[in-house]
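Residue numbering restarts at 1 for every chain, and letters A, B, ... go by the order of the sequence lines.
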Amino acid sequence: MELLYASCVGLLVACGIYLILRGRTFPVVLGLTMLSYAVNLFLFSSGRLNINQAPVLGQQASYADPLPQALVLTAIVIGFAMTAFVVILAIRGRADLGNDHVDGAPRAKKGS
Amino acid sequence: MTLLWIPLLSLIGSLLASLTGKLNRNQSAVVTAIMPLACLILVISLAPTVLGGETLYASLPWLPELGVNLSFRLDGLSLLFCFLILGIGLLVILYARYYLSPTDSMPKLYAYLLLFMTAMLGIVTANNVIQMWFFWELTSISSFLLISYWWYKPEARKGARMALAITGAGGLALLAGLVLLGQQVGSYELDVILNSGELIKNSPWYETILVLVLLGAFTKSAQFPFHFWLPHAMSAPTPVSAYLHSATMVKAGIFLLARFYPALAGTELWFVLVGVTGLTTLLVGAYIALFKHDLKGLLAYSTISHLGLITLLLGLDTQLATVAAIFHIINHAIFKASLFMATGIIDHETGTRDMRKLNGMWRYMPYTATLAMVAASSMAGVPLLNGFLSKEMFFAETLHQQMLGSMSWLIPVLATIAGALSVAYSARFIHDVFFNGEPKDLPKQPHEAPRYMRVPIEILVALCILVGLAPGISVSPIIYAASNAVLGGEVPDYHLTIWHGFNLPLFMSAMAVAGGLVIYSQRKYLFQFQSSLPSINAKKAFDGFVLRLMGWSREQILRIENGSLQRYVFILIFTALVLAALPLFEMHHLAGTKELGEIDIFNALGAVLLMIGALATLIWHRSRMIALIMISIVGLMTSVAFTRFSAPDLALTQLTVEVVTIVLLMLALFFLPQRTPKESSSLRILRDLGVSSAFGVVIGSICYAVLTRPQQSISEFFTANAKTGGGGTNVVNVILVDFRGFDTLGEITVLGIAALGIYKLLLNLPLFMRASDGEGRPWAFERHPLLLASISQSLLPLAILVSVYIFLRGHNQPGGGFIAGLVTSIAFILQYIANGSNWIRERFDINYRKVIAGGLAIAVMAGLGSWAFGHNFLSSWFDYFSLPLVGKFELASAMIFDLGVYLTVVGATLMILASLGKVTAEAPKEKVGQ
C-alpha cells in the first residue's frame, strides 16, 4: 500500500512539474493545482497511513497523527488562495498584454 | 550607564539641530552646540578616572543570541579621540555659523555634522566589534551626506559617491574581518579580543583577518592606493573638510589600527603591510601635494601624507613609535583643522582657492595670515611648534627599525625626503598665498574675516604653540593613557621636550627644512617636469571603472535573468531537484523497517482513478476544458484518500475546496483561450519530461522512505491534552484553534490578503469578452435556467443550516470554521451560478471586504481576550453549562476564534469568485476585444 501511495504522489508531482514548465498560463495553473495535491498528500503521509483511526477522541483505541492533518488542512485553504491569485493574475495578464504566455509574450521566432 | 550617553547626547543634538529651521543662525548654532558641549563636559568628568589608568565599561544586551551587545568602553585611546571629536566638533560648529551663506540650510549641515559626530563617538567608545562596525558604516553614510551637502554641484555628488563607494567597500571587508575575528576568539567583545592576541596570531585565519581589517582601515584613512577619494571629498563645504579630514573620518582608520594593535600587531606581516603602505602613502601624498594649485587640494594630499606617516609609525616595531603615532594624531588634528579653517576664510573672502591667483594676502588679512603661517609651520615641523616634536620623534624612530632587513637604512632617508617635501608644500602655502606679489583678478575684494570666525583658528593655533612649548604638561598625560591602551600597559619611557641635544634626528629635521626650502625655490623646474608627465585623473579612472563594472554586471544579469518566467521556473525546479536528490544517494536503504500495509481493492481502485486523472490532464492539457474536468478527478480522489486514511477533516476541506477551485477555474477559462497552442519544440518537451519524471521519482522515493519508517511524533502531547487543555475531542480542530492558533491566524490573514489582491487585480479590467465560444457558437442568453434557480434557492437555507451544524460540532467532531466557511461559500456560489450576480446583489448586498476584516478582527480579539484574563495570546477557555430542553453543552472561547476563521473564509472565497463573476455580468453584450 505504501508503494502504491508513494507512486501516486510521485506521478502527481511529475505531471504537476511538467505542466508548470509549459509556456501558457492555464496549464501552469493546472500544474500548480496538481502539485498542491501532491504536496498535501506528501505532507499528510508523514503521519503514516492509518485506516479507521480518525483523531477524534473517544471513538477508538489508537489515533492517526493529528499534527500533519492540521498542517495540511490550512495548506489546502492557502493553496486555494494561491491558485485563485495566480489564475486571476493570468486573466489580468491576458487582458493587459493581449496573450496568455507566462513570459508576457511568446518567444520571437528566429528571423522575425 | 554614563558611557551610553556619550553617543546618545550627540544623537539627540543631531535631532535638535534638525529642528532649528525656524530659528535664526546664531540661535541655531547655539542650540546645536548644547549637546556636544554637555557631552564634552561628561567626558571631562570621566577623564580623571581614565587618565588614572582605569577603563570604564557599560553594557546592555542587544542581540545576546548572536553575542552582539550594546557595550561601551572608555580607555585612554577612546578618551583621546572623544576629546578630538568633541573639541574640534564644537569649533567647527562655531566656524560653520560664519562660513555658510544665508541661502545654505544651517539645520541640515548641523544635523548631518552631529550625526557624523555620533557615529565617530560610537566607533571610539564601542566595546563590541559588531557595534563598532555599525558606527563605522554610519560614518560612511553621514560623511556621504556631508560631502554632498551642496548636492546641486555635480562634483559634490561625484565626490560623495566615490567616498561612499571606497569606504563602504572597505567597511564590508572590515565586517568580514571582524566576524572572522569574533569566530576565532569566540566573542565579539573587544576586551576579550584584545586579550587574545596570541590566539589570533596563531590562528590559521590570521592573514585573512589582518588583510580584511587593514582594507577597512586603509580605505577609510585614504592610504595608497585607496587615497584618491579624499581629494574629491574636498568639494564638501570647508567646515566639513576641516572636521572630516583633520580629526575624525580619516582618523577612524588610524584609530582602528591603534585599537587592534594589541590583537593583530607584532607579526612580520603587520609590519610589512602597515609599514610599507604608510611609507608609500607618506611619499606619494607629499609629492602630489606640492603640485596642487588648489589650496584645499594641497591640504588634502598633505592630509594623505600625514596619515601615511602615522600609519608608518604604527607599522614600526617599537613601542616608542606607537607613542609618536598617538602624539602625531593629536598634532595633525590640531594644525590641519586650523589650516582648513584658514583656507575656508581665504576662500570665503576672496572667492577663490587657486594659488596662482592668490598672492600677497598678507596685506589684506594680516591676522588670518599670521594664524595660518603658524599652523603651516607646525605642519612643516618648525621648532617650538607641536608638529616639530612629533616629527622629530618620527625621525628618531625610523632609525630604530629593521623593517627592510639590510636595506632598513632606506627608511630614514625616505622619511627625510618626505619631510623635505612637506616643508616645501608648507612653504608654498605660506609664500604663494600671503606674499609673492599682488593678487591676480580675484572674484572679490579681499578683507579680514568676521571676528568670531577666527576664534576657532585662534584656539587651535594657541594649542599648537602650547603643545610645542610645553608638551610635558599639556598632552603628556593623555598620550600616556592612550599609549597605555594601545600597548596593553607596556608604555616605554618617553620625554616630550623641545631640546634633545645635537643628535641624528635633529640633523634629519634640519636637512628636511633646508631641503624643503631648496625644493620650493627650485619649484619652477619641478613643475615643468611634472607637467611633462602624463596626468592621471583619478576621478575619470574611477568613473570608468564603475561604468565598466556596471556594464559587466548588467551583461551578467541579462544572461541569467532574460525575462523569461518559463526559464526561471525551469532553473528553480532543476536546482530543487538536484538539492533534493543528492541526499538520497547517500542513503543505503530506501525502504525502512515498518511493516507494509495490504493493498485492498478500494485503495487500488482509487489509486488507478487518480493516476488516470493525472495522466489524462497531462495528455489533454491543450484542450483546457477537458483537462479541467480530468484534474477534478484527481482532486476528488485526493479527498477520497483522506477519507480512507483517517482524516475526515481533510476530506471535507479538500472536497469543498475542490468545488470552489473548479468553479473558479471554469470561470477563468471564460477569459482565457480555450485551447493551448502547440509551441514547445520536441527537444524542450523531452527535457521537461525528463526533469519532471526525475522529480516525480525523487519525491516518490522520499515519500516511500518516510512511509516505511516507524513514526516518532510530537503529537502525543496534542492527543493527550486536546480534551483536558483545549476542551475538544477533534484533535485536528483543537490544534488549529488552540495549540497552533497563532499559525491559523497567520493563515487566514494570508487568505484575506490574497482575496484583497484579487479584488484589486480585477478592478478596471480591460475586457476581452468574446461574442462566441471557441467553436464559433454564440453564447446562450438564457443564462439562468429555471430549474437550477429554483432548486438552488430552496437549497440555500438548508446548506446554511448544515454549515452551522458543521461549525458548532467542529470542536468535537470533524468540522470547524474552515469547512463550515467553505460550505457556506459553496451555497452562495451556487446562487451566483444559478441566478447571476445582479440577482444576488439585489438581495444580499454584502461587502465581502468588510466580512474579511470582521473575521480577522474577531479572530484577533479572541486572541487578545485571553490577555484580559492574564493568559497568553490565544489561550482558550471552556466550560460546560446546561439549559432546560437543550441539556448539557460546552462553551469554549476557541469558538469565537473559529467564528473569525469562518467569516474570513466565507468573505475571501466569495470575494474571489464574486469579483470575477461580476466582471462577466458587467461586460457589454456586443463584441468586445479579441
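A donor and an acceptor atom, one from each side chain of B/Thr708 and A/Glu2, are nowhere located under 3.5 Å apart. Looking at B/Glu658 and A/Tyr37, their side chains do bring a donor and an acceptor atom within 3.5 Å of each other. For the residue pair A/Asn50/B/Ser646, the side-chain donor-acceptor check at 3.5 Å is not satisfied. With 3.5 Å as the limit, one finds no donor-acceptor pair spanning the side chains of B/Asp649 and A/Gln69. With no hydrogens or angles considered, a side-chain donor-acceptor pair links B/Ser680 and A/Arg22 at under 3.5 Å.
Taking chain B as the reference chain and counting heavy-atom pairs below 4.5 Å, the highest number among A/Ala75, A/Gly23, A/Ala64, A/Pro68 is found for A/Gly23. The residue among B/Leu565, B/Ile599, B/Leu822 with the most heavy atom pairs within less than 4.5 Å of chain A is B/Leu565. Ranked by heavy-atom pairs under 4.5 Å with chain B, the list A/Ser7, A/Gly10, A/Ser36 is led by A/Gly10. Of the listed residues B/Ser693, B/Ala754, B/Ser715, the one with more heavy-atom pairs under 4.5 angstrom with chain A than any other is B/Ser715. Of all the listed residues (A/Thr25, A/Val29, A/Leu71, A/Val72), the one sharing the greatest number of non-hydrogen pairs under 4.5 Å with chain B is A/Val72. Contacts with chain A were tallied for B/Gly816, B/Gly728, B/Ala614; B/Ala614 has the most, counting heavy-atom pairs under 4.5 Å.
Not one N or O on the side chain of A/Arg24 forms a donor-acceptor pair closer than 3.5 Å with the backbone of B/Thr676. For B/Arg644 (side chain) and A/Ile51 (main-chain N/O), no donor-acceptor pair under 3.5 Å exists by modelled atom type.
For B/Tyr704 and A/Tyr5, the ring centers sit 6.0 Å or farther from each other.
Heavy-atom neighbours of B/Lys594 NZ from other residues, nucleotides or ligands within 6.0 Å: above the threshold of 12. In this structure, B/Arg740 places its CZ atom where only 12 or fewer heavy-atom neighbours from other residues, nucleotides or ligands lie under 6.0 Å away.
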Verdict with reasoning, A/Val77 to B/Leu751, per side-chain contact (heavy atoms from CB on, under 4.5 Å):
CA-CA 8 Å; A/Val77 180; B/Leu751 191 66; 3.9 Å; yes
Begin from the C-alpha positions of A/Leu73 and B/Gln654 and carry the test side-chain contact (heavy atoms from CB on, under 4.5 Å) through to its verdict.
CA-CA 8 Å; A/Leu73 199 150; B/Gln654 179 67 55; over 6 Å; no
Assess whether side-chain contact (heavy atoms from CB on, under 4.5 Å) is satisfied between A/Val56 and B/Gln813, documenting all intermediate values.
CA-CA 7 Å; A/Val56 178; B/Gln813 295 291 318; 4.2 Å; yes
Between B/Leu916 and A/Ile91, does a side-chain contact (heavy atoms from CB on, under 4.5 Å) hold up when you go through it step by step?
CA-CA 10 Å; B/Leu916 188 56; A/Ile91 291 173; 3.7 Å; yes
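Under the 30°/60° scheme for interplanar angles, the aromatic rings of B/Phe642 and A/Phe44 are found to stand perpendicular.
In this structure, A/Arg92 and B/Leu762 have side chains that are not in contact, with every pair of non-hydrogen atoms separated by 4.5 Å or more. A heavy-atom distance below 4.5 Å is found between the side chains of B/Val634 and A/Leu12.
For A/Tyr18, the parts lying near chain B are the backbone and the side chain together; criterion is any non-hydrogen pair under 4.5 Å.
Here the straight-line distance linking atom CZ of B/Phe718 with atom CG of A/Asp65 works out to 9.0 Å at 0.5 Å rounding.
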